[in-house]
Amino acid sequence: SEPPPQRTAWTMRLKLILWVVFGGAACFQQAAQGRRLLFRRLGASSSDVVVDLERLGAMSPKLRVRSSPVRGLEAAQKLSKGEVAIKIDRALALEVADDGKPSELVGTGVLSRDAWRSLTWEGKLAAEVLHLAGTTKNGSSYWLESLPRSYGELPVFWGDEVLESAAYYEPVIRSAKALRETWRVQAKVLSSAFENVDEERALWALATVRTRAFSGPLEATGSLRQRVFLVAFAAWLALGYVALGLGSFEDAGRGFAVAVLSTVVADFLVTSDVFAAPVDDADDLVNARRRHVVAPGLDLANHRSTNSDEVSLTYFTDAVALTAATDLDPGAELCATYGKKSNAQLLVNYGFVERENPNDDFVFPDLDDDTDAAQAKRIPPFLRGKRVTRTGFPPAVAAAALAECGGDNAKAA
């Protein structure tokens, strides 16, 4: 006699569950295996190096590195608008994500899980840099050799006396001191975790990351390798659907086609995440869940606020790329934008200011009439602690100024 229909249905479900579990485990185990083997051959530090983009692993047939007035990227041949000017395999980039997952450094015992969790994204990327330096093989230290030996232009490394006399601008002083304290904590964790790494070396790694990292949205899907195994998993499910007698080959084929098509559509219609340089804890790029990348070669691109050239992570080709937003003639510089940053932000985080910066601003001192009596006379109360940009005051401040001047627009201006 035939078994009851209910028992047959449960038997088929059990077979399907086992098929999914064992097939999926095999696929995702492959997808999760190492991804940075090539890049981990890099190593120690020097700065007197003429950079060869090809030796960095970057694909940039129409670019060259210029050395003056400051090092950067320029077109060697004509670049067309929308053309990828330079890209590097994602496996050659350093990368961390705000997804709570431990790095391979934890899995291999380089860092403890607690140490990894205590690090900011910046500290985690610095740990990757230090690990590269500690595992360098002969002849494979090219990228790190091209980096500066020190970052004395960053206010975080200035003493308090120099900082207060040179900057004399409270937002810069306050931000630099806050960043210094954050880095000191991170440097202690890093120097404790790595042999032969003192706090000075750890601070160097943090500065390297700060001045070179780009951040973009943390996407839900993974790398090209992971996508391949997702397709393989879909094929496994389709075969199991037919083999277990759950449906026809045509039904399984349609389901498999939908799974593959969804992956392709996601890659081509939403082909990449655009990256910008993170600045500080007040920046949305840092507060949101992000992916942070240091890409050799692309990190040579200088900043220009008016630029719209984009650094992006292109999932289908698994590469980090910089695309030209306009036509560039030979000799023209290819820049990236670090985002809409004021000169105070640029100085604290990158050690330079930009002439005619359209995003520049000024924050008036927040004074006390008793402790800062002399200066308080020159700054009316409605301006204290307020921010003004190149386009003017915020509406509330403008309204307060107008009220202070009895509604006289000319006097308020």
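These numbers come from a predicted model, not from an experiment.
- V129 has its side chain within reach of L144: a pair of non-hydrogen atoms, C-beta onward, lies under 4.5 Å apart.
- Residues meeting the ring pair (Phe, Tyr, Trp, His ring centres under 6.0 Å) test with F352, sequence neighbours left out: none.
- L179 and E122 get closest at one heavy-atom pair: CD1-OE1, 4.5 Å.
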Go through it in stages, so that I can follow the logic: the residues are L79 and L63, the test is side chain to side chain contact (heavy atoms under 4.5 Å, CB included), and I'd like the CA-CA distance, side-chain angles, deciding distance and then a yes or no.
CA-CA 9 Å; L79 277 165; L63 280 186; 3.9 Å; yes
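- Heavy-atom minimum distance, N357 versus K341: ND2-O, 2.9 Å.
- Within the model, atoms CG of L190 and CG of L111 stand 7.5 Å from one another, a figure rounded to the nearest 0.5 Å.
- Between A127 and L119, the shortest heavy-atom contact is CB-CD1, 4.4 Å.
- Here the side chains of P155 and L347 are in contact, with some heavy-atom distance below 4.5 Å.
- Taking the side chain as every heavy atom from C-beta outward, L92 and P296 never approach each other to under 4.5 Å.
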Derivation and outcome, side chain to side chain contact (heavy atoms under 4.5 Å, CB included), residues R304 and E333
CA-CA 10 Å; R304 186 179 293 147; E333 184 175 13; 3.7 Å; yes
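- In this structure the side chain of D299 never reaches within 4.5 angstrom of the side chain of F214, judged on heavy atoms.
- Inter-residue side-chain proximity for M59 and I88 is flagged as unmet; no heavy-atom pair is nearer than 4.5 Å.
- Ionic pairing of D318 and R90 is present here: one or more N-O contacts between side-chain nitrogen and carboxylate oxygen are shorter than 4.0 angstrom.
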Would you please test L53 and L73 for side chain to side chain contact (heavy atoms under 4.5 Å, CB included) and show each step?
CA-CA 10 Å; L53 293 173; L73 298 174; 4.1 Å; yes
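- Put simply, the side chain of L147 reaches to within 4.5 Å of the side chain of R212, judged on heavy atoms.
- In this structure, the side chain of Q186 does not engage the main chain of L206 through any donor-acceptor pair within 3.5 Å.
- You'll find the side chain of H292 reaches within 4.5 Å of the side chain of D98, heavy atoms only.
- To the nearest 0.5 Å, atom CG of residue D327 and atom OG of residue S80 are 5.5 Å apart.
- In summary, K188 and E199 do not engage in a salt bridge, as defined by a charged side-chain N under 4.0 Å from a carboxylate O.
- Using a distance-only test at 3.5 Å, with no hydrogens or angles considered, a donor-acceptor pair links the side chain of N302 to the main chain of R71.
- At least one donor-acceptor pair closer than 3.5 Å links the side chain of T120 to the backbone N or O of G123.
- Remark: E181 CD is packed, more than 12 non-hydrogen atoms of other residues, nucleotides or ligands lying under 6.0 Å away.
- The heavy-atom pair separating L334 from A85 by the smallest distance is CD2-CB, 3.5 Å.
- Contact annotation: the side chain of S305 approaches that of E354 to within less than 4.5 Å [non-hydrogen atoms, C-beta and beyond].
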Check against side chain to side chain contact (heavy atoms under 4.5 Å, CB included), L132 and W143
CA-CA 10 Å; L132 294 182; W143 176 62; 4.3 Å; yes
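- Remark: side-chain polar atoms of S60 are not paired, donor with acceptor, to backbone N or O of K62 under 3.5 angstrom.
- Closest heavy-atom contact between C335 and A301: C-CB, 4.5 Å.
- Within the cation-pi definition used here (under 6.0 Å to the ring centroid, within 45° of the axis), R201 qualifies as a partner of W204.
- In this structure, CD on Q77 lies 9.5 Å from CZ on R64, to the nearest 0.5 angstrom.
- In summary, E83 and K78 do not engage in a salt bridge, as defined by a charged side-chain N under 4.0 Å from a carboxylate O.
- Rounding to the nearest 0.5 Å places NZ of K124 at 13.0 Å from CD of E95.
- Listed for the D360 side chain is no donor-acceptor partner under 3.5 Å among the backbone atoms of P358.
- R55 CZ to Y142 OH: the interatomic distance, rounded to the nearest 0.5 Å, is 5.0 Å.
- Shortest non-hydrogen contact noted between A213 and W121 is CB-CZ3, 3.8 Å.
- Summarising the geometry, atom OG1 belonging to T208 is positioned 9.0 Å from atom CG belonging to L130; distances are rounded to the nearest 0.5 Å.
- Partners of A207 under the side-chain contact (heavy atoms from CB on, under 4.5 Å) rule, at least two apart in sequence or in another chain, are Y151, L154, F157, W183.
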